[in-house]
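To start, the structure itself, in C-alpha coordinates.
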Amino acid sequence: MTGVENAVERYLKLIGESDEYGAIDLVLGLIDEGVPAEDVLLRVVAAGQRRVGELWAANDWSVAREHGATAVSERAVAAIAGRVRPTPTRGRVTVACADGEYHALPTRMLAEVLRLRGWRVDFLGASVPGPHLITHLHQTGPDVVALGCMIATRLPRAHATIAACRAVGVPVLAGGAAFGADGRFARLLGADAWAPAADAAADRLAAGLPSFAAGSDREVHLGDEEYGYLTRHRADVLARVLDLLRESYAPMGGYSERQLEHTAEDLGHIADFLAAALYVHDPSLFTDFVTWTCEVLTARKVPAESVMLGLRIFRDVLADCPRARALLAEGIEAATAARPSGGRSARVT
(Lines give C-alpha, C1' and ligand atoms only; values in the text may rest on other atoms or scores of the structure.)
Protein backbone atom coordinates (compact mmCIF):
# COMPACT_ATOMS: atom_id res chain seq x y z
CA MET A 1 0.00 0.00 0.00
CA THR A 2 1.42 3.40 -1.04
CA GLY A 3 1.61 6.42 1.22
CA VAL A 4 -1.35 8.07 -0.47
CA GLU A 5 -3.43 4.86 -0.32
CA ASN A 6 -2.63 4.60 3.35
CA ALA A 7 -3.66 8.23 3.74
CA VAL A 8 -7.01 7.48 2.08
CA GLU A 9 -7.71 4.72 4.59
CA ARG A 10 -6.79 6.99 7.50
CA TYR A 11 -8.84 9.84 6.01
CA LEU A 12 -11.86 7.56 5.53
CA LYS A 13 -11.67 6.43 9.15
CA LEU A 14 -11.52 10.03 10.38
CA ILE A 15 -14.43 11.32 8.31
CA GLY A 16 -16.43 8.21 9.24
CA GLU A 17 -16.02 9.27 12.86
CA SER A 18 -16.91 12.92 12.01
CA ASP A 19 -13.46 13.90 13.27
CA GLU A 20 -13.09 17.32 11.62
CA TYR A 21 -9.86 18.33 13.35
CA GLY A 22 -8.27 14.95 12.67
CA ALA A 23 -9.18 15.08 8.96
CA ILE A 24 -7.93 18.65 8.60
CA ASP A 25 -4.68 17.83 10.40
CA LEU A 26 -4.16 14.87 8.08
CA VAL A 27 -4.63 16.77 4.80
CA LEU A 28 -2.59 19.77 5.92
CA GLY A 29 0.11 17.44 7.24
CA LEU A 30 0.36 15.82 3.81
CA ILE A 31 0.84 19.25 2.21
CA ASP A 32 3.50 20.10 4.78
CA GLU A 33 5.27 16.83 3.88
CA GLY A 34 5.42 17.91 0.25
CA VAL A 35 2.41 16.16 -1.28
CA PRO A 36 0.98 18.56 -3.91
CA ALA A 37 -2.31 20.12 -2.79
CA GLU A 38 -4.02 18.91 -5.98
CA ASP A 39 -3.05 15.33 -5.13
CA VAL A 40 -4.40 15.75 -1.62
CA LEU A 41 -7.70 17.02 -3.04
CA LEU A 42 -8.13 14.38 -5.73
CA ARG A 43 -6.23 11.34 -4.46
CA VAL A 44 -7.16 11.58 -0.79
CA VAL A 45 -10.31 13.67 -0.23
CA ALA A 46 -12.09 12.74 -3.48
CA ALA A 47 -10.99 9.11 -3.19
CA GLY A 48 -12.30 9.02 0.37
CA GLN A 49 -15.64 10.45 -0.73
CA ARG A 50 -15.98 7.81 -3.43
CA ARG A 51 -15.56 5.15 -0.74
CA VAL A 52 -18.22 6.92 1.34
CA GLY A 53 -20.68 6.59 -1.52
CA GLU A 54 -19.85 2.91 -1.97
CA LEU A 55 -20.26 2.21 1.74
CA TRP A 56 -23.65 3.95 1.78
CA ALA A 57 -24.82 2.02 -1.28
CA ALA A 58 -23.77 -1.25 0.36
CA ASN A 59 -25.75 -0.27 3.48
CA ASP A 60 -22.57 -0.38 5.56
CA TRP A 61 -22.90 3.31 6.42
CA SER A 62 -26.09 5.16 7.35
CA VAL A 63 -27.27 8.32 5.61
CA ALA A 64 -26.36 10.27 8.75
CA ARG A 65 -22.79 8.91 8.74
CA GLU A 66 -22.49 9.64 5.03
CA HIS A 67 -23.69 13.21 5.50
CA GLY A 68 -21.36 13.69 8.46
CA ALA A 69 -18.39 12.47 6.43
CA THR A 70 -19.26 14.82 3.55
CA ALA A 71 -19.50 17.76 5.94
CA VAL A 72 -16.02 16.96 7.25
CA SER A 73 -14.66 16.74 3.70
CA GLU A 74 -16.12 20.18 2.96
CA ARG A 75 -14.14 21.51 5.93
CA ALA A 76 -11.02 19.69 4.74
CA VAL A 77 -11.28 21.20 1.25
CA ALA A 78 -11.75 24.65 2.76
CA ALA A 79 -8.66 24.10 4.93
CA ILE A 80 -6.58 23.14 1.89
CA ALA A 81 -7.83 26.21 0.04
CA GLY A 82 -6.83 28.37 2.99
CA ARG A 83 -3.34 26.86 3.21
CA VAL A 84 -2.42 27.12 -0.50
CA ARG A 85 -3.27 30.45 -2.16
CA PRO A 86 -1.63 30.75 -5.59
CA THR A 87 -1.71 34.08 -7.39
CA PRO A 88 -3.98 33.97 -10.47
CA THR A 89 -2.00 33.95 -13.68
CA ARG A 90 -4.66 32.81 -16.15
CA GLY A 91 -8.19 33.90 -17.05
CA ARG A 92 -11.42 33.87 -15.05
CA VAL A 93 -13.73 30.86 -14.61
CA THR A 94 -17.19 30.74 -13.10
CA VAL A 95 -17.79 27.38 -11.40
CA ALA A 96 -21.35 26.46 -10.48
CA CYS A 97 -23.72 23.54 -9.97
CA ALA A 98 -26.71 23.21 -12.28
CA ASP A 99 -30.06 24.48 -11.05
CA GLY A 100 -31.49 21.86 -8.66
CA GLU A 101 -28.13 20.14 -8.12
CA TYR A 102 -27.16 20.11 -4.43
CA HIS A 103 -24.17 17.75 -4.54
CA ALA A 104 -21.69 20.62 -4.49
CA LEU A 105 -18.52 19.01 -3.11
CA PRO A 106 -17.19 17.61 -6.43
CA THR A 107 -17.73 21.00 -8.07
CA ARG A 108 -16.06 22.75 -5.15
CA MET A 109 -13.02 20.50 -5.57
CA LEU A 110 -12.91 21.42 -9.26
CA ALA A 111 -12.91 25.09 -8.26
CA GLU A 112 -9.93 24.53 -5.96
CA VAL A 113 -8.00 22.56 -8.59
CA LEU A 114 -8.53 25.41 -11.07
CA ARG A 115 -7.28 27.92 -8.50
CA LEU A 116 -4.21 25.79 -7.93
CA ARG A 117 -3.63 25.79 -11.70
CA GLY A 118 -3.64 29.61 -11.73
CA TRP A 119 -7.21 30.51 -12.70
CA ARG A 120 -9.25 33.20 -11.03
CA VAL A 121 -12.35 31.32 -9.89
CA ASP A 122 -15.83 32.46 -8.88
CA PHE A 123 -17.37 29.48 -7.09
CA LEU A 124 -21.13 29.97 -6.89
CA GLY A 125 -22.03 26.76 -5.03
CA ALA A 126 -25.01 24.44 -5.28
CA SER A 127 -28.18 24.84 -7.36
CA VAL A 128 -27.56 28.12 -9.15
CA PRO A 129 -30.72 29.35 -10.97
CA GLY A 130 -29.98 30.00 -14.62
CA PRO A 131 -31.11 33.67 -14.71
CA HIS A 132 -28.96 34.51 -11.68
CA LEU A 133 -25.96 32.80 -13.25
CA ILE A 134 -26.41 34.86 -16.40
CA THR A 135 -26.57 38.06 -14.35
CA HIS A 136 -23.28 37.05 -12.72
CA LEU A 137 -21.72 36.47 -16.13
CA HIS A 138 -22.76 39.94 -17.29
CA GLN A 139 -21.27 41.45 -14.13
CA THR A 140 -17.96 39.58 -14.15
CA GLY A 141 -17.22 38.59 -17.76
CA PRO A 142 -15.56 35.19 -17.24
CA ASP A 143 -13.80 33.29 -19.99
CA VAL A 144 -15.78 30.13 -19.39
CA VAL A 145 -18.41 28.53 -17.16
CA ALA A 146 -17.60 25.16 -15.56
CA LEU A 147 -20.97 23.56 -14.87
CA GLY A 148 -21.29 20.60 -12.51
CA CYS A 149 -24.21 18.17 -12.48
CA MET A 150 -24.24 14.86 -10.60
CA ILE A 151 -27.87 13.70 -10.80
CA ALA A 152 -29.31 12.99 -14.25
CA THR A 153 -32.75 14.26 -13.31
CA ARG A 154 -31.26 17.77 -13.40
CA LEU A 155 -30.22 17.49 -17.05
CA PRO A 156 -33.18 19.47 -18.45
CA ARG A 157 -32.27 22.40 -16.17
CA ALA A 158 -28.60 22.01 -17.07
CA HIS A 159 -29.62 22.20 -20.71
CA ALA A 160 -31.40 25.51 -20.11
CA THR A 161 -28.33 26.86 -18.31
CA ILE A 162 -25.94 25.76 -21.06
CA ALA A 163 -28.15 27.37 -23.72
CA ALA A 164 -28.36 30.61 -21.75
CA CYS A 165 -24.58 30.79 -21.24
CA ARG A 166 -23.90 30.19 -24.90
CA ALA A 167 -26.50 32.79 -25.85
CA VAL A 168 -24.48 35.44 -24.02
CA GLY A 169 -21.23 34.25 -25.58
CA VAL A 170 -19.70 32.34 -22.67
CA PRO A 171 -18.60 28.75 -23.45
CA VAL A 172 -19.48 25.92 -21.08
CA LEU A 173 -17.27 23.10 -19.82
CA ALA A 174 -19.53 20.38 -18.37
CA GLY A 175 -18.61 17.79 -15.77
CA GLY A 176 -20.19 15.39 -13.32
CA ALA A 177 -21.77 11.95 -13.38
CA ALA A 178 -25.08 13.21 -14.79
CA PHE A 179 -23.46 14.01 -18.14
CA GLY A 180 -22.59 10.33 -18.64
CA ALA A 181 -19.38 8.37 -18.23
CA ASP A 182 -18.37 9.38 -21.77
CA GLY A 183 -19.84 12.89 -21.69
CA ARG A 184 -22.56 12.00 -24.19
CA PHE A 185 -25.19 14.17 -22.50
CA ALA A 186 -22.86 17.16 -22.29
CA ARG A 187 -22.45 16.93 -26.06
CA LEU A 188 -26.17 16.41 -26.57
CA LEU A 189 -27.13 19.42 -24.44
CA GLY A 190 -24.79 21.73 -26.35
CA ALA A 191 -21.86 22.14 -23.96
CA ASP A 192 -18.62 23.25 -25.62
CA ALA A 193 -16.56 20.57 -23.86
CA TRP A 194 -16.71 17.90 -21.18
CA ALA A 195 -14.21 16.45 -18.76
CA PRO A 196 -14.48 13.30 -16.65
CA ALA A 197 -12.60 14.67 -13.63
CA ALA A 198 -11.29 17.88 -12.11
CA ASP A 199 -7.71 17.46 -13.28
CA ALA A 200 -8.90 16.60 -16.80
CA ALA A 201 -11.08 19.73 -16.76
CA ALA A 202 -8.06 21.84 -15.81
CA ASP A 203 -6.06 20.25 -18.63
CA ARG A 204 -8.82 21.06 -21.12
CA LEU A 205 -8.99 24.68 -20.03
CA ALA A 206 -5.22 24.99 -20.27
CA ALA A 207 -5.40 23.62 -23.82
CA GLY A 208 -7.90 26.28 -24.83
CA LEU A 209 -11.20 24.49 -24.23
CA PRO A 210 -11.27 22.27 -27.32
CA SER A 211 -14.78 21.80 -28.61
CA PHE A 212 -16.64 18.60 -29.29
CA ALA A 213 -16.22 17.32 -32.80
CA ALA A 214 -18.91 18.63 -35.15
CA GLY A 215 -21.89 16.33 -35.34
CA SER A 216 -25.65 16.15 -35.50
CA ASP A 217 -26.30 15.84 -31.76
CA ARG A 218 -26.98 19.54 -31.36
CA GLU A 219 -29.84 19.25 -33.82
CA VAL A 220 -31.66 16.58 -31.79
CA HIS A 221 -34.98 17.80 -30.45
CA LEU A 222 -34.84 17.27 -26.70
CA GLY A 223 -38.00 16.57 -24.77
CA ASP A 224 -41.32 15.81 -26.42
CA GLU A 225 -45.04 15.55 -25.66
CA GLU A 226 -44.54 12.55 -23.37
CA TYR A 227 -41.81 14.33 -21.41
CA GLY A 228 -44.08 17.35 -21.11
CA TYR A 229 -47.02 15.22 -20.01
CA LEU A 230 -45.03 13.40 -17.34
CA THR A 231 -43.56 16.58 -15.89
CA ARG A 232 -46.87 18.49 -15.93
CA HIS A 233 -48.88 15.62 -14.43
CA ARG A 234 -46.17 14.19 -12.15
CA ALA A 235 -48.23 14.50 -8.95
CA ASP A 236 -51.34 12.92 -10.47
CA VAL A 237 -49.35 10.06 -12.01
CA LEU A 238 -47.56 9.33 -8.73
CA ALA A 239 -50.83 9.36 -6.75
CA ARG A 240 -52.37 6.88 -9.20
CA VAL A 241 -49.31 4.61 -9.12
CA LEU A 242 -49.20 4.66 -5.31
CA ASP A 243 -52.92 3.77 -5.08
CA LEU A 244 -52.52 0.85 -7.48
CA LEU A 245 -49.40 -0.33 -5.68
CA ARG A 246 -51.33 -0.44 -2.40
CA GLU A 247 -53.97 -2.61 -4.11
CA SER A 248 -51.40 -4.92 -5.72
CA TYR A 249 -48.78 -5.33 -3.00
CA ALA A 250 -50.32 -6.77 0.17
CA PRO A 251 -47.32 -6.05 2.46
CA MET A 252 -47.97 -2.32 2.01
CA GLY A 253 -51.05 -2.74 4.21
CA GLY A 254 -48.70 -3.10 7.16
CA TYR A 255 -46.32 -0.30 6.21
CA SER A 256 -45.54 2.41 8.75
CA GLU A 257 -45.87 6.08 7.81
CA ARG A 258 -42.11 6.20 7.34
CA GLN A 259 -42.15 3.20 5.02
CA LEU A 260 -44.96 4.76 2.99
CA GLU A 261 -42.96 7.99 2.71
CA HIS A 262 -39.92 6.07 1.49
CA THR A 263 -42.06 4.19 -1.05
CA ALA A 264 -43.50 7.47 -2.34
CA GLU A 265 -39.98 8.91 -2.60
CA ASP A 266 -38.77 5.86 -4.54
CA LEU A 267 -41.69 6.18 -6.95
CA GLY A 268 -40.86 9.86 -7.37
CA HIS A 269 -37.29 8.96 -8.30
CA ILE A 270 -38.60 6.49 -10.91
CA ALA A 271 -40.82 9.20 -12.41
CA ASP A 272 -37.98 11.74 -12.50
CA PHE A 273 -35.42 9.41 -14.09
CA LEU A 274 -38.03 8.24 -16.58
CA ALA A 275 -38.67 11.87 -17.52
CA ALA A 276 -34.94 12.53 -17.86
CA ALA A 277 -34.51 9.50 -20.13
CA LEU A 278 -37.42 10.73 -22.25
CA TYR A 279 -35.80 14.17 -22.44
CA VAL A 280 -32.46 12.95 -23.76
CA HIS A 281 -33.88 9.99 -25.73
CA ASP A 282 -31.54 7.52 -24.02
CA PRO A 283 -32.88 4.26 -22.48
CA SER A 284 -29.58 3.56 -20.73
CA LEU A 285 -30.10 6.56 -18.45
CA PHE A 286 -33.22 4.85 -17.10
CA THR A 287 -31.97 1.26 -17.05
CA ASP A 288 -28.73 2.26 -15.31
CA PHE A 289 -30.83 3.97 -12.63
CA VAL A 290 -33.05 0.89 -12.24
CA THR A 291 -30.04 -1.43 -11.91
CA TRP A 292 -28.42 0.85 -9.33
CA THR A 293 -31.70 1.14 -7.39
CA CYS A 294 -32.11 -2.64 -7.28
CA GLU A 295 -28.57 -3.05 -5.98
CA VAL A 296 -29.11 -0.44 -3.27
CA LEU A 297 -32.46 -1.94 -2.24
CA THR A 298 -31.09 -5.50 -2.26
CA ALA A 299 -28.38 -4.39 0.17
CA ARG A 300 -31.26 -3.25 2.40
CA LYS A 301 -33.08 -6.58 1.97
CA VAL A 302 -35.79 -5.08 -0.24
CA PRO A 303 -36.51 -7.52 -3.11
CA ALA A 304 -36.01 -6.35 -6.69
CA GLU A 305 -39.48 -7.77 -7.40
CA SER A 306 -40.96 -4.73 -5.63
CA VAL A 307 -39.18 -2.47 -8.13
CA MET A 308 -40.45 -4.60 -11.01
CA LEU A 309 -44.01 -4.33 -9.70
CA GLY A 310 -43.73 -0.55 -9.41
CA LEU A 311 -42.41 -0.30 -12.96
CA ARG A 312 -45.26 -2.45 -14.28
CA ILE A 313 -47.81 -0.21 -12.59
CA PHE A 314 -46.14 2.90 -14.05
CA ARG A 315 -46.40 1.23 -17.45
CA ASP A 316 -50.12 0.57 -16.93
CA VAL A 317 -50.81 4.13 -15.78
CA LEU A 318 -48.94 5.69 -18.72
CA ALA A 319 -51.12 3.85 -21.21
CA ASP A 320 -51.03 6.67 -23.78
CA CYS A 321 -47.25 7.18 -23.67
CA PRO A 322 -45.63 4.57 -25.96
CA ARG A 323 -42.08 5.82 -25.51
CA ALA A 324 -42.39 5.83 -21.74
CA ARG A 325 -43.90 2.35 -21.80
CA ALA A 326 -41.00 1.09 -23.90
CA LEU A 327 -38.52 2.57 -21.44
CA LEU A 328 -40.40 1.00 -18.53
CA ALA A 329 -40.31 -2.38 -20.26
CA GLU A 330 -36.53 -2.05 -20.55
CA GLY A 331 -36.44 -1.04 -16.91
CA ILE A 332 -38.33 -4.18 -15.93
CA GLU A 333 -35.78 -6.25 -17.80
CA ALA A 334 -32.96 -4.44 -16.02
CA ALA A 335 -34.60 -5.10 -12.64
CA THR A 336 -35.04 -8.75 -13.57
CA ALA A 337 -31.37 -9.06 -14.45
CA ALA A 338 -30.37 -7.29 -11.23
CA ARG A 339 -32.02 -9.87 -8.98
CA PRO A 340 -29.51 -11.63 -6.71
CA SER A 341 -30.43 -14.94 -8.35
CA GLY A 342 -29.24 -13.43 -11.65
CA GLY A 343 -30.42 -14.36 -15.11
CA ARG A 344 -33.26 -12.98 -17.13
CA SER A 345 -36.88 -13.91 -17.20
CA ALA A 346 -38.96 -13.83 -20.33
CA ARG A 347 -38.93 -10.46 -22.12
CA VAL A 348 -41.52 -8.08 -20.80
CA THR A 349 -43.69 -6.73 -23.58
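No more than 12 heavy-atom neighbours from other residues, nucleotides or ligands sit within 6.0 angstrom of CZ on R120. Enclosure of atom CD in E225 is not indicated, since only 12 or fewer non-hydrogen atoms of other residues, nucleotides or ligands lie within 6.0 angstrom. Atom CG of D32 sits in a crowded spot, with more than 12 heavy atoms from other residues, nucleotides or ligands closer than 6.0 Å. Taking a 6.0 Å sphere around CZ of R10, one finds it holds more than 12 heavy atoms contributed by other residues, nucleotides or ligands.
For the atom pair CG (L260) and OH (Y255), the distance works out to 8.0 Å, reported to the nearest 0.5 Å. R75 contributes atom CZ, which lies 4.5 Å from atom CD of E20 (distance to the nearest 0.5 angstrom). Here CE of M109 is found 11.5 Å from CG of D199. Values are rounded to the nearest 0.5 Å. In this structure, the separation between NE2 on H262 and CZ on R300 is 10.5 Å, given to the nearest 0.5 Å. Note that CD of E295 is 13.5 Å distant from CG of N59, once rounded to the nearest 0.5 Å. We find the CG-CH2 distance between L173 and W194 to be 10.5 Å, quoted to the nearest 0.5 Å.
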When you look at K13 and E17, which way does the salt bridge (charged side-chain N to carboxylate O under 4.0 Å, His left out) test go after all the steps? CA-CA 6 Å; K13 183 176 186 298; E17 296 171 348; 2.9 Å; yes
Take Y279 and H159, measure what side chain to side chain donor-acceptor pair (under 3.5 Å) needs, and give me the verdict at the end. CA-CA 10 Å; Y279 190 83; H159 184 204; 2.6 Å; yes
Check step by step if salt bridge (charged side-chain N to carboxylate O under 4.0 Å, His left out) holds for E54 and R50. CA-CA 6 Å; E54 293 167 357; R50 281 194 293 274; over 6 Å; no
Do R154 and D99 pass the salt bridge (charged side-chain N to carboxylate O under 4.0 Å, His left out) test, and can you show the C-alpha distance, the side-chain angles, and the key distance before you say yes or no? CA-CA 7 Å; R154 312 306 184 203; D99 191 3; over 6 Å; no
Do L318 and L328 pass the side chain to side chain contact (heavy atoms under 4.5 Å, CB included) test, and can you show the C-alpha distance, the side-chain angles, and the key distance before you say yes or no? CA-CA 10 Å; L318 296 173; L328 287 160; 4.1 Å; yes
Can you list the steps and then say if R258 with E261 is a salt bridge (charged side-chain N to carboxylate O under 4.0 Å, His left out)? CA-CA 5 Å; R258 185 179 180 187; E261 288 178 7; over 6 Å; no
Please determine whether side chain to side chain contact (heavy atoms under 4.5 Å, CB included) holds for the pair F286 and V290, giving the CA-CA distance in whole Å, both sets of side-chain angles, and the decisive distance to 0.1 Å. CA-CA 6 Å; F286 187 62; V290 169; 3.9 Å; yes
Report the C-alpha distance between V44 and D39 in whole Å, list the side-chain angles of each, state the deciding distance to 0.1 Å, and finish with yes or no for side chain to side chain contact (heavy atoms under 4.5 Å, CB included). CA-CA 7 Å; V44 178; D39 284 351; over 6 Å; no
Worked check of side chain to side chain contact (heavy atoms under 4.5 Å, CB included) between L137 and C165: CA-CA 8 Å; L137 302 185; C165 291; 3.9 Å; yes
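Under the rule for a ring-ring contact (aromatic ring centres under 6.0 Å, His included), F123 has no partner lying at least two apart in sequence or in another chain. In this structure H103 satisfies the ring-ring contact (aromatic ring centres under 6.0 Å, His included) test with no other residue, sequence neighbours excluded. Under the ring-ring contact (aromatic ring centres under 6.0 Å, His included) criterion, F185 pairs with no residue at all, not counting sequence neighbours.
Between the side chain of E226 and the backbone N or O of L278, no donor-acceptor pair lies under 3.5 Å. With hydrogens and angles ignored, the 3.5 Å screen pairs a side-chain donor or acceptor of R325 with a backbone N or O of R315. The backbone N or O of L105 sits nowhere less than 3.5 Å from a side-chain atom of E74 that would complete a donor-acceptor pair. A donor-acceptor pair under 3.5 Å links the side-chain atoms of T231 to the main chain of G228, judged by distance alone. Proximity of a side-chain donor or acceptor of S306 to a complementary backbone N or O of V302 within less than 3.5 Å is not detected. Remark: side-chain polar atoms of D282 are not paired, donor with acceptor, to backbone N or O of A277 under 3.5 angstrom.
Scanning all heavy atoms of the two residues, the minimum distance from R204 to A195 falls at CD-CB, 4.2 Å. Residue P303 comes nearest to Y249 through the heavy atom pair CG-OH, 4.5 Å, listed as atom of the first residue, atom of the second, then distance.
A 4.5 Å side-chain heavy-atom check between V72 and L14 finds every atom pair outside the cut-off. Contact of the L155 side chain with the L285 side chain is registered, since non-hydrogen atoms from C-beta on lie closer than 4.5 Å. For the pair M308/L311, no side-chain contact is recorded, criterion being any heavy-atom separation below 4.5 Å from C-beta on. A 4.5 Å side-chain heavy-atom check between D320 and Y229 finds every atom pair outside the cut-off.
In this structure, R117 is not positioned above the aromatic face of W119 in the sense of NZ or CZ being under 6.0 Å from the six-membered ring centre and within 45° of the axis.
Taken together through direct or relayed side-chain contacts under 4.5 Å among Ile, Leu, Val, Met, Phe, Trp and Tyr, V168 and V145 form part of one hydrophobic cluster.
Between the side chains of S73 and Q49, at least one donor N or O lies within less than 3.5 Å of an accepting N or O.
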